K.L.:
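Below are the structure tokens for one structure; questions will follow.
Note that this is a predicted model, so its numbers are computed, not measured. In what follows, chains are A, B, ... by sequence order, proteins preceding strands, each numbered from 1.
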Amino acid sequence: MNSIDPVIWFFLFGLLAGALKSELRLPSQVYDFVSMLLLLTIGLKGGVELANQPFSVLLPQIVVIVIAGFLLPFIAFPALRYLGKFTRADSASIAAHYGSVSVGTFAVAVAYMNSRNIIFEEHMALFVVLLEIPAILVGIILAKGVSKKTQWSNVAHEVMLGKGVMFLVGGLLIGWLSGPSGVESISPLFFGLFKGVLALFLLEMGLITSTQLSSLKRYGFFLLAFGVITPLCFAIFGTLIGTGLGLSVGGSAILATLFASASYIAVPAAMRISVPEANPTLSLTASLGITFPFNILIGIPLYYWLANYVYTTLALH
Amino acid sequence: MNSIDPVIWFFLFGLLAGALKSELRLPSQVYDFVSMLLLLTIGLKGGVELANQPFSVLLPQIVVIVIAGFLLPFIAFPALRYLGKFTRADSASIAAHYGSVSVGTFAVAVAYMNSRNIIFEEHMALFVVLLEIPAILVGIILAKGVSKKTQWSNVAHEVMLGKGVMFLVGGLLIGWLSGPSGVESISPLFFGLFKGVLALFLLEMGLITSTQLSSLKRYGFFLLAFGVITPLCFAIFGTLIGTGLGLSVGGSAILATLFASASYIAVPAAMRISVPEANPTLSLTASLGITFPFNILIGIPLYYWLANYVYTTLALH
Amino acid sequence: MNSIDPVIWFFLFGLLAGALKSELRLPSQVYDFVSMLLLLTIGLKGGVELANQPFSVLLPQIVVIVIAGFLLPFIAFPALRYLGKFTRADSASIAAHYGSVSVGTFAVAVAYMNSRNIIFEEHMALFVVLLEIPAILVGIILAKGVSKKTQWSNVAHEVMLGKGVMFLVGGLLIGWLSGPSGVESISPLFFGLFKGVLALFLLEMGLITSTQLSSLKRYGFFLLAFGVITPLCFAIFGTLIGTGLGLSVGGSAILATLFASASYIAVPAAMRISVPEANPTLSLTASLGITFPFNILIGIPLYYWLANYVYTTLALH
Amino acid sequence: MKNQTTKLITIFTEAALESQLVRDIDRLGAPGYTITNARGRGDRGLRGASWEANANIRVEIICSPTMAATISQYLQETYYDNYAMVTFSNEIDVLRPEKFTS
Amino acid sequence: MKNQTTKLITIFTEAALESQLVRDIDRLGAPGYTITNARGRGDRGLRGASWEANANIRVEIICSPTMAATISQYLQETYYDNYAMVTFSNEIDVLRPEKFTS
Amino acid sequence: MKNQTTKLITIFTEAALESQLVRDIDRLGAPGYTITNARGRGDRGLRGASWEANANIRVEIICSPTMAATISQYLQETYYDNYAMVTFSNEIDVLRPEKFTS
Ligand SMILES: Nc1ncnc2c1ncn2[C@@H]1O[C@H](COP(=O)(O)O)[C@@H](O)[C@H]1O
Ligand SMILES: Nc1ncnc2c1ncn2[C@@H]1O[C@H](COP(=O)(O)O)[C@@H](O)[C@H]1O
Ligand SMILES: Nc1ncnc2c1ncn2[C@@H]1O[C@H](COP(=O)(O)O)[C@@H](O)[C@H]1O
Ligand code: NA
Ligand code: NA
Ligand code: NA
């Protein structure tokens, strides 16, 4: 029960193999395949559930989540700029990473709840999409101001039509249109293999993370502290919002995980193009090298404990 | 029941993503993998059933199907040459595409029947192989005459030993040799994941189709009309032959689908080498950009209705 | 029951397709993917069982197996050097290939036992790892003597951290740490698809083997004889050791298969770097072109018969 | 038949730049380009292609000397400060040189 | 040690031609070749490698100037009319030039 | 702006050598390298990349003429006897040539 999930062992094994400089590697197209399956599966699961949610329940959730998505980078930015002494571009870029979300972390949280039979709102995949995008826009504005020179149509294209968002949205739509009985025929591939596919994904994430860890010492203590404290703060924020929105304990814990997670796919790609003067190693070291392992190893159980604590305290059970 | 199959949503999603110029893409080796699984699965299913068919039943079917395979391009050619005013090479090449078959369309037809519990002759995968090849030979002859210069051994190599035919034939043979109990151990990969794999295949087909659509306007109205009318005519022909051969309603509908479908893998590759002066964009625009979506969105249900109609009219039920 | 397993048909089909010079090919990254799944699955299965074995049972097995792993190349070397008249480097390299093991052959043996419901010690995946490495060290020493120039740290890195060993060891560790209930959630991908994945692997092995066969005539009769006689001798040795260690009949047959099998992944890579003057075509022709097909087509049933015979003779049942 | 001398520009850079670079090349009027996937090391460290953020591409453009100068200058101004990028050129003999006069 | 001057021919063309081209190169007697996968754009439009019919290859042949002329001429006559193809050559200094005298 | 002349070394060799070769290149002090996957044929037969033992790589190194000579000689001494390997070089015009003076 309380033992470590095998998918986490895959991550740790990847970390170890990377640290040992082994020749272990997921072929790049296999990694793309595995990511794609993960995104589609998460989308499909969410979409099927979405059909069961009345719009009157969804609308307030959507509004609150999107507002939160715009707010989070504004909280992170001053810490980076004034405490961390980073350049404006770097501060903006890192803030965008932490304001956005990590789908891999979400998948681990879902697996965590499933393996403990904890109920949560399955349509939360929608929140992943809603939280992914606003932080990118805020990050660009923080870096450049609302400059006329920013090619917003390019940015929108890059952000909305990137692989990550498209696969998630596609899965959501298809799940929503097909309904539970419709997706049954495709469930052996998408739902049956989910945990196995997640294991392979985390193996590669471990390998990638270990290459990021090596650049950690270059950036020193502040980045390490930032990569641990920010998720904790954001998780508290997320738990409170989840409680306020009337989510279940599991749902609040997952929302906390989403707030606590930092993007390492959509945002880095967007920032590389839109804020090229920001150093990509810096933000990836923080989000992949620190926050991702922190969240999946320590964060998720902690956020679940936190959600439980809040619900018990407020006698909401 | 009458709702759209999720695999069709995957196709439409691919079309949309392509039209939006998103960065969605199936990595090329993953597309190869998915095609390979599809071909092997179709072959295996057919092969297992083949073992149950007495040769006396199969032989007349084989003979009639092969003759039809040689005839179809001769029907399409004059329309293209004299109505469409295409060059001889282009007319021959397009005729070969439409005389041959599309495995992807066959797979969608199979999924359509399965999801509606409609019975059909599972050994029809054999017909796919039988129909794939004759049209190529006819296409080359139509383009060049029975010239001594044609390197028929090269052509035969290209056609028979191309990936598509080999995987299908391999699956057929292995299924036939192993029998139903033999293939059980490999069924989770091949049969269990079939619909999911088909979904991924159709996603990529949607993306490819949308790139073909853009060249459609260049070729104008005739090609569009040809791409819709030819499958309709060929489907009627197929239904009648299916009925004549004593196939079930489902079987006749699938045979109609095969006749109506146009190749976009085996034939383009063979024509590129053997009739290089034919413009490949022209035939691919027709087969992939028009006929493939027409068949899987509208054709298959229509052909099933047609088969039903013929059987009811002839009181064959 | 006694019919040929479909995975073997896949191998024969690959052989045939290769011999016909067809364009069939597993994309290289898909082959890597399939190998990786196979190695992880074998490791996971072994690891789960390892948890059930008391250390007092394991220790003598480990010691004996490792000693055997060091001995085997010493048996093969003189035959190659003095009967086969190969150069010292070539003799050493081939001896290392045959002293080590083939994971693909092990997987086929496991599938053979499973499909016949023959019991064997599932933790034998550990033996694969134990047998893989010693032969490489012996091979290098046989080629170069215990020279100071040999960069043993490089060799160790190449050998221990190569993909093959890492995936096996990773699987073993994760299986061992997770236990039977832990791996359940990832079992659809790893255990459910095992035979299907093995089928694809053997298809590609057939294709590769057929390219090796073409170089067979160049090396003549001795290599052919060596590639058949060595596995037979080593299998007898393995059966006796298995019996001596108190393994079940199935377990002894699998140990015999391991002894009889020759490496074609880990050892070639290590020899290419450490004994570059050895001709890689020579050793691959033997191990892949002769011994691999011999073992999976004829060897495994033979070794099972042998193990049965020994057990019956010694009245150990 | 002496073919007219033409330039080949080769660019090693980050895979993330591909679509933007292709738009630039088209806009500047180059007659075509060819791209392959690559990995490598330079001043900005190891780019091992283990994942997309870390992969390189190798772009080749056959064009006139004038176009080569235009492209080189554009790349230097636009990308050199912030991206891992190396550009070089050499003279080549091309079949049908009239295709590459722009 | 001044190495003998040798030619490098580079060909960008459709992946569908690979096996035929390799047979041609072997038959014409070239000492070897190297192939990589590619994508690109030229006169015949975008070839983005999204699927096989749409993928390019990049073929390199190191050979003597005479062989280079033979190959170029053969390609021009055989393929230029109907296939997406670009060929160019340049001089290179090669180690062990005696390998490439044909 | 006339750019300083620099050398481009290109190596076709076995994929199995990649990590060792990269260590060598780094140790000899080259300013960088770029690698792509390849297949091909040469004196040591067909290397069709159907599996790893049979795959090639294509390594490019931009460097000074002196470094080019050092690398060429090192490769010839270390690998030519036992490995499938071809090396050649040519002169290139490089942007920011000061990056490649070693
Ligand atoms: N000296 C070199 N030789 C070959 N390729 C290089 C060299 N320097 C850099 N590169 C390539 O260009 C990319 C960007 O270089 P840089 O901007 O120096 O990091 C590297 O990732 C390499 O692929
Ligand atoms: N100017 C160019 N520079 C680099 N590659 C080119 C150029 N023109 C064509 N190519 C390549 O050659 C292929 C065939 O060219 P084409 O026959 O002009 O369509 C294209 O798909 C490109 O990969
Ligand atoms: N003449 C050539 N032209 C182009 N590439 C070559 C040539 N000769 C050899 N190669 C490449 O270099 C590799 C090793 O060559 P070799 O050592 O001659 O077998 C081959 O696998 C080819 O990829
Ligand atoms: Na966040
Ligand atoms: Na047809
Ligand atoms: Na052995």
K.L.:
Heavy-atom pairs under 4.5 Å with chain A are the metric here; pick the option from B:N114, B:L200, B:V197 that has the most.
P.N.:
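Going by pairs under 4.5 Å, I would pick B:L200.
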K.L.:
For residues 27-37 of chain B, which side-chain N or O atoms pair as donor and acceptor with protein atoms under 3.5 Å away, sequence neighbours left out?
P.N.:
unit_1 : atom_1 : unit_2 : atom_2 : d
B:Q29  : OE1    : C:Q29  : N      : 2.8
B:S35  : OG     : B:Y31  : O      : 2.7

K.L.:
Residue by residue, scan residues 171-193 of chain B and write down, ordered by number, those that have a heavy-atom distance under 4.5 Å to chain A; if none do, write 'none'.
P.N.:
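Listed by number: B:G192, B:L193.
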K.L.:
Please determine whether the number of non-hydrogen atoms from other residues, nucleotides or ligands lying under 6.0 Å from atom CG of A:L59 exceeds 12.
P.N.:
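Above 12, so yes.
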K.L.:
Applying a criterion of heavy atom separation less than 4.5 Å, what residues of residues 252-269 of chain B form contacts with chain A?
P.N.:
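If one takes a 4.5 Å heavy-atom cut-off, no residue of residues 252-269 of chain B lies near chain A.
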K.L.:
In residues 6-26 of chain B, what donor-acceptor pairs under 3.5 Å come from side-chain atoms, sequence neighbours left out?
P.N.:
unit_1 : atom_1 : unit_2 : atom_2 : d
B:S22  : OG     : B:A17  : O      : 3.4
B:S22  : OG     : B:L24  : N      : 3.0

